[in-house]
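Data block below; observations after.
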Amino acid sequence: METIHINRKNLHNWQKRSVPTVMALGYFDGLHKGHCHVIETARLKAKEYGLPLSVMSFSPHPKIVLSNGKEQVHYLMPLGEKEEKMKMLGADNFYLVKFDKEFASLSPERFVEEYLVNLGVVHAVAGFDFSYGSFGAGNLDRLKQHSKAKIEVTKVQKVSCRGEKISSTCIRKRILDGNVEELPDFLGHLYEVKCNWNGFLLQPQPHYTIPAPGIYEVILKRETKELIGQLYVTDDGLLQFAQNISNQMKGNLTISWKKRLSVIHPHKLEKVMNN
């Protein structure tokens, strides 16, 4: 899979190099069950057409740009992990478009012409609520019209869990509330955070959301080694494993969050960690 970073300066060069493709559209933070359904639908459509599968996402998160930086977003995974999962899902090309004020001001027609038609898209697949163009004025019902009938469209309907639409927003809320045991129903797997262990503290890598303060049952993983135990999360996001960790596990680890065992006031949690 090739990751292609698109901005206004290099857009024309990538347009000249484009070939016909089926494209999945979305932000895809966390790659939850809803996202995976969109990409799988696009993969099957690409197979039907005999064309490569492309996925288009945007960076940074639109909310950050549109709020002039006043609204911060709790990301669910960094770019590197998103790339790995896109590859596993069968993407041939991953377009990452720079989302800035200039991009946000594009009319729906210009977005479709410049970022879809001119990049070779012949069939676009997205969730039912995907929007594009200035003020989100474009939607899937109008995309074929905006492409002047050059692009066919597949709208993927809502994927729900417990009567609720599966979304990055509802997943972030559960993480920030500490309800990690509910996440497999939305993500399709335990929530995972990659980190570095230096022998004392577990330091999360950037662009992960850390669950609410408390004590959690987790699995630490490093290559073929696994260790199940309790993890303390403090009010300022510090992580400490309650059991001894072998020196063989020093370095990059993955924390898989199973469930919260206890909600403890942050200053009490600090005392527990210092004992």
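- Cation-pi geometry between Lys82 and Tyr27 is met: the NZ or CZ atom falls under 6.0 Å from the ring centre, inside 45° of the normal.
- Aromatic pair His32/Phe186: ring centres not closer than 6.0 Å.
- Side-chain contact check for Glu192 and Tyr208: no donor-acceptor pair (N or O, by modelled atom type) lies under 3.5 Å.
- The backbone N or O of Asp185 sits less than 3.5 Å from a side-chain atom of Lys33, completing a donor-acceptor pair.
- Between the side chains of Lys101 and Asn68, at least one donor N or O sits under 3.5 Å from an acceptor N or O.
- With respect to Lys155, the side chain to side chain donor-acceptor pair (under 3.5 Å) criterion is satisfied by exactly one of Asn139, Asp141, Thr41: Asp141.
- The NZ atom of Lys221 sits 9.5 Å away from atom CD1 of Ile228, with the distance rounded to the nearest 0.5 Å.
- Taking the six-membered ring where the residue is Trp, Phe99 and Phe103 present perpendicular rings, their angle passing 60° and hence far from 30°.
- Here the closest heavy-atom approach between residue Leu53 and residue Leu89 is recorded as CD2-O, 4.5 Å.
- Asn118 contributes a side-chain N or O that, together with a main-chain N or O of Glu113, makes up a donor-acceptor pair within less than 3.5 Å.
- Considering every non-hydrogen atom in both Ala104 and Leu66, the closest pair reads CB-CD2, 3.8 Å.
- By the 30° and 60° cut-offs, the orientation of the rings of Tyr75 relative to His207 is perpendicular.
- Note that CD1 of Ile255 is 5.0 Å distant from CG of Leu231, once rounded to the nearest 0.5 Å.
- Contact of the Arg260 side chain with the Glu217 side chain is not registered, since no non-hydrogen atoms from C-beta on lie closer than 4.5 Å.
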Worksheet item: Which is it for Phe111 and Tyr132 under the ring pair (Phe, Tyr, Trp, His ring centres under 6.0 Å) test, yes or no, and what are the steps along the way?
Response: CA-CA 7 Å; Phe111 167 76; Tyr132 56 88; 5.5 Å; yes
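- Of the options Ile210, Leu176, Thr169, Ile171, a side-chain contact (heavy atoms from CB on, under 4.5 Å) to His74 is made by Leu176 and by none of the others.
- No more than 12 heavy-atom neighbours from other residues, nucleotides or ligands sit within 6.0 angstrom of CZ on Phe135.
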